[in-house]
Amino acid sequence: MNGFEEGLEFLPVNNTKKVEKGGLRPWVVLAIVLAIFLLSLTAGLLVWHFQYRDVRVQKVFNGYLRITNENFLDAYENPNSTEFAELAIKVKEALKLLYSEIPVLGPYHKESTVTAFSEGSIIAYYWSEFSIPSHLAEEAERAMAKERAIRLPPRTRTLHSFVLTSVVAFPTDPRTVQTTQDNRCRFALHARWGEITRFSTPGFPDSPYPAFARCQWTLRGDANSVLGLTFRSFDVAACDSRGNDRVIVYDTLSPVEPRTVVQLCGSYPPSYNLTFLSSQNVLLVTLITNTERRHPGFEALFFQLPKMSSCGGYLREARGTFNSPYYPGHYPPNINCTWDIEVPSNRNVKVSFKVFYLWEPNLPVGKCLKDFVEVNGEKYCGEKPQFVVTSKSNRITVHFHSDQSYTDTGFLAEYMSYDSSDPCPGKFMCNTGRCIGNALRCDGWADCADYSDELNCQCNATYQFTCKNKFCKPLYWVCDTVNDCGDNSDELDCSCPAKTFRCGNGRCIPESQRCDGKNNCGDGSDEATCSSVAVVTCTKHTYRCQNGLCVSKSNPECDGKKDCSDGSDEKNCDCGLRAFSRQSRVVGGKDADEGEWPWQVSLHALGQGHLCGASLISPSWMVSAAHCFADDRGFKYSDHTMWKAFLGLHDQSKRSASGVQERGLKRIISHPSFNDFTFDYDIALLELERPVEYSSTVRPICLPDSSHVFPSGKAIWVTGWGHTYEGGSVVLILQKGEIRVINQTTCEKLMPQQITPRMMCVGYLSGGVDACQGDSGGPLSSVEEDGRIFQAGVVSWGEGCAQKDKPGVYTRLPLFRDWIKEQTGV
């Protein structure tokens, strides 16, 4: 009580007796406590209001509006002209008046700036800055995004009023805000009819673009035109989750997200389709750099085209093709096209979409909320393989819509008439409408995207196994350790019971003994494909580190993780990486992109042109097929002076192009066990007369360790300039084809007495994709999980090209890893 009494000793003297007799009455104490509580509450509310609720956030909104009763003047393109300044003042006055009528905006408006004008009647682009209480920020964003109109009354009776419509604005990406008045990286360009205008990042290509910069290019065309923009070369910092360096193209002169045509980062090969169209006569290109990474940037060109007067049309032929506007370039934003297709009255219509890319970032799969094609009341969007849509009459309508933002390359479609009673004459029709050969029905391979060719089949007991799910599969696929049925029924009744592991030598062990660090199988196969890493007994299935220890992990070399205690699995890993981080979609063919396979080599024999392929494995060494260098018909193919190697080559007609390196050979080392009758040991090493220089189009592929596994079913790419069909001729553009590893047992059964352990089958049993004459010696490129590429094999031989049940045969490269190192040191 001492503290309480000390607090009362300043009371007047006539209160002393009260204090001495009994202290304060209870109601007085209660009143004091209540007063203190109310004071504390009031103080807290004031603190919260001024320190938290009234916290201001700086908001910048970019927008655009239309001035409907003014005519566009050429002077409005120049921000330094008197006419620009006068019109900008009017726009800013109108915006200030508009904001004053909106409670959530008016009191917090700081300033507005007009950045550009364009035709239509006049479109003004602006930004407005606000200092808004944090609790009103979301409401302010909604208010700014709502379209409005305003009329500025005339200042005198002789003037007309100033009418603004479609006033809209959106929060600005903070990265696009120009913090200073530095205009050294701001450019304004105007297209001219019949001319192409080029522009590039500062310093391109001799020096990298500036670090921590905000660059922009204002692109214009004449009234009633649209702009085409093509990036001829593109190399900026790689895309990552931090969203560092980025090029953004807008279908407007204001950097607003809802009008973004595309965002680009990383690098693209020259052949990648980077052509974009505008919906009007302006585009804005911005480069935002937030790193110090050294990249050359981009070179681009733009041009103007007449604005489309119509899109779509009436198609009345029995068959024909149509496509999205400007295909294979990106279609423009904000467009609608309708094709009304009509065939003879006694026929139905089938529309086959050969190519279909209507993809937009950050959209849920299957939800066609932005760009789409609509047929028979159903919408299609995203990326789709070839598919077919049919009608129930002789008419069908195809409608294409793109919104105001992101665009894609669109579609290529073919329509045809057909007899509804026999939609695929002499063929089988998938449920999707696609026609396939009758021989592909019930053959164990899904040739229809919906598997309808493999449903309701009566399996041939002599040649086929009936899966539990009713699919028919070849008998020799049973018990080959591959789940061919899909429900694993072809592997259930094999020699190994459930919950056991089948070793490579056929032995069965309990599943619990797999990956336990011990060689329970005897051949090490139980420890060869483990995800965990442990030091194990060395076998042919295990990876041996330089210190002599072996690890259980499958394919540990150059995967970015140190698995050997001495780190030797991550040494010599400057291989198998492409300079370009984007690979183009295959459209209507199998042309490879320039620089997509930088280890691919073209070998030319004296006076005979391209004969074989090879792969670069170091600056001085290449791998090829031994049969390419077997003397024949009086020509000394084994003589190294008879050959020239072309590296970095894409087009055989452009062997002198920049980036292509030509080299002679210093020596040819064919494997001493090569058999020119059976093609066993079909591998050769070629030493260049002088080393090559690594570049974006010349780089080595990774060599796999002798324990490296390329499992059955794995997708692998074959490349070369060989014939595109049996009996054809060599092509000019490097070709690529995706094929799959075929189980070795299956391979041996398909070609009995012909397959040795040094060979592997890769392809499709249904045929269709294969290497051919002229591809010999080229690499099989296997893309691993981290994107690094290893050479799985060498193109060797085959019976014909792409025939059914006749896959290509390739030299199995891992088995020759030690020999390659002995001969080359690589």
Does the pair Ser278 and Leu283 meet the rule for a side chain to side chain contact (heavy atoms under 4.5 Å, CB included), with working shown?
-> CA-CA 7 Å; Ser278 69; Leu283 281 173; 3.6 Å; yes
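- With 3.5 Å as the limit, one finds no donor-acceptor pair spanning the side chains of Ser118 and Tyr64.
- Side-chain contact between Leu284 and Pro255 is present, with at least one heavy-atom pair separated by less than 4.5 Å.
- Of the N and O atoms on the side chains of Asn348 and Ser391, not one donor lies less than 3.5 Å from an acceptor on the other residue.
- When all heavy atoms are compared, the tightest approach of Ile335 to Pro332 is CG2-O, 3.6 Å.
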Would you sort out whether Leu277 and Thr407 count as a side chain to side chain contact (heavy atoms under 4.5 Å, CB included), showing the intermediate values?
-> CA-CA 9 Å; Leu277 279 296; Thr407 64; over 6 Å; no
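- Thr68 and Thr165 share no side-chain donor-acceptor pair at under 3.5 Å.
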Start with the C-alpha distance between Asn273 and His330, add both sets of side-chain angles, then the distance that settles side chain to side chain contact (heavy atoms under 4.5 Å, CB included), and finish with yes or no.
-> CA-CA 8 Å; Asn273 187 336; His330 290 66; 4.2 Å; yes
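- Between Cys485 and Asn469, the shortest heavy-atom distance links the atoms O-ND2, 3.0 Å.
- For Glu342 and Arg316, the salt-bridge test passes: some basic side-chain N is under 4.0 Å from an acidic carboxylate O.
- Side-chain contact annotation: Asp340 with Thr397, donor-acceptor N/O pair under 3.5 Å present.
- Taking all atoms of both residues into account, the shortest heavy-atom contact from Pro423 to Cys435 is O-SG, 4.0 Å.
- Between Phe322 and Trp339, the ring-plane angle classifies as tilted under the 30° and 60° cut-offs.
- Rounded to the nearest 0.5 Å, atoms CD (Glu195) and CZ (Arg198) are 12.0 Å apart.
- When every heavy atom of Gly595 is checked against every heavy atom of Thr697, the shortest pair comes out as CA-CG2, 3.9 Å.
- Looking at Ser602 and His604, their side chains do bring a donor and an acceptor atom within 3.5 Å of each other.
- At least one test fails for Arg434 against the ring of Phe428: distance under 6.0 Å to the centre or angle within 45° of the axis.
- At a threshold of 4.5 Å between non-hydrogen side-chain atoms, the residues Leu274 and Thr230 do not count as touching.
- Proximity of a side-chain donor or acceptor of Gln464 to a complementary backbone N or O of Asn460 within less than 3.5 Å is detected.
- Nearest heavy-atom pair across Pro325 and Cys311 is CG-SG, 3.7 Å.
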Going through the checks in order, is the ring pair (Phe, Tyr, Trp, His ring centres under 6.0 Å) test met by Trp217 and Tyr250?
-> CA-CA 11 Å; Trp217 291 262; Tyr250 300 94; over 10 Å; no
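- Other residues, nucleotides and ligands contribute only 12 or fewer heavy atoms inside 6.0 Å of the CG atom of Asp74.
- Between atom CG of residue Asn394 and atom OG of residue Ser417 there is a gap of 10.0 Å, rounded to the nearest 0.5 Å.
- Residues Phe298 and Leu264 are not in side-chain contact: their nearest non-hydrogen atoms beyond the backbone lie 4.5 Å or more apart.
- For the residue pair Glu374/Tyr380, the side-chain donor-acceptor check at 3.5 Å is not satisfied.
- Proximity of Val762 to Val718: side-chain heavy atoms (C-beta onward) are nowhere separated by under 4.5 Å.
- Note that SG of Cys430 and CZ of Phe387 are 14.5 Å apart. Values are rounded to the nearest 0.5 Å.
- Thr338 and His399 get closest at one heavy-atom pair: OG1-ND1, 2.9 Å.
- Partner of Ile396 under the side-chain contact (heavy atoms from CB on, under 4.5 Å) criterion, out of Thr390, Leu315, Val351: Val351 alone.
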Run the numbers on Asp403 and Lys370 for salt bridge (Lys or Arg N to Asp or Glu O under 4.0 Å), then give the verdict.
-> CA-CA 6 Å; Asp403 72 339; Lys370 298 277 190 172; 3.6 Å; yes
Step by step, work out the side chain to side chain contact (heavy atoms under 4.5 Å, CB included) result for Asp591 and Gln735.
-> CA-CA 5 Å; Asp591 288 358; Gln735 300 292 292; 2.7 Å; yes
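- Note that the CE atom of Met429 and the OG atom of Ser452 stand 8.5 Å from one another [nearest 0.5 Å].
- Ring planes of Phe276 and Phe231: perpendicular class, angle over 60° (limits at 30 and 60°).
- Cation-pi geometry between Lys473 and Phe471 is satisfied (NZ or CZ under 6.0 Å from the ring centre, within 45° of the ring normal).
- Under the side-chain contact (heavy atoms from CB on, under 4.5 Å) criterion, Ala223 pairs with Glu119, not counting sequence neighbours.
- Between Tyr268 and Tyr272, the angle of the ring planes goes over 60°, which puts this pair in the perpendicular group of the 30/60° scheme.
- Considering only heavy atoms from C-beta on, Asp371 comes within 4.5 Å of Glu360 through its side chain.
- With a 4.5 Å cut-off on side-chain heavy atoms, Trp721 and Asp775 do not count as touching.
- Between Phe302 and Phe199, the ring-plane angle classifies as perpendicular under the 30° and 60° cut-offs.
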Yes or no on disulfide (SG to SG under 2.5 Å) for Cys442 and Cys459, after CA distance, side-chain angles and deciding distance?
-> CA-CA 8 Å; Cys442 299; Cys459 302; over 6 Å; no
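- In the model, Trp193 has no side-chain atom that pairs as donor or acceptor with a side-chain atom of Ser225 under 3.5 Å.
- Thr260 places no side-chain N or O within 3.5 Å of a backbone atom of Tyr406 that could act as its donor or acceptor partner.
- In this structure, Phe411 has its ring center closer than 6.0 angstrom to the ring center of Phe400.
- Between Asp251 and Arg259, at least one side-chain nitrogen of the basic residue sits less than 4.0 Å from a carboxylate oxygen of the acidic one, meeting the salt-bridge criterion.
- A side-chain N or O of Gln600 and one of Thr719 form a donor-acceptor pair less than 3.5 Å apart.
- A distance-only check finds a donor-acceptor pair linking the side chain of Arg655 to the backbone of Gln652 [under 3.5 Å].
- Thr321 OG1 to Leu412 CG: the interatomic distance, rounded to the nearest 0.5 Å, is 6.5 Å.
- For the atom pair NE2 (His401) and NZ (Lys379), the distance works out to 8.0 Å, reported to the nearest 0.5 Å.
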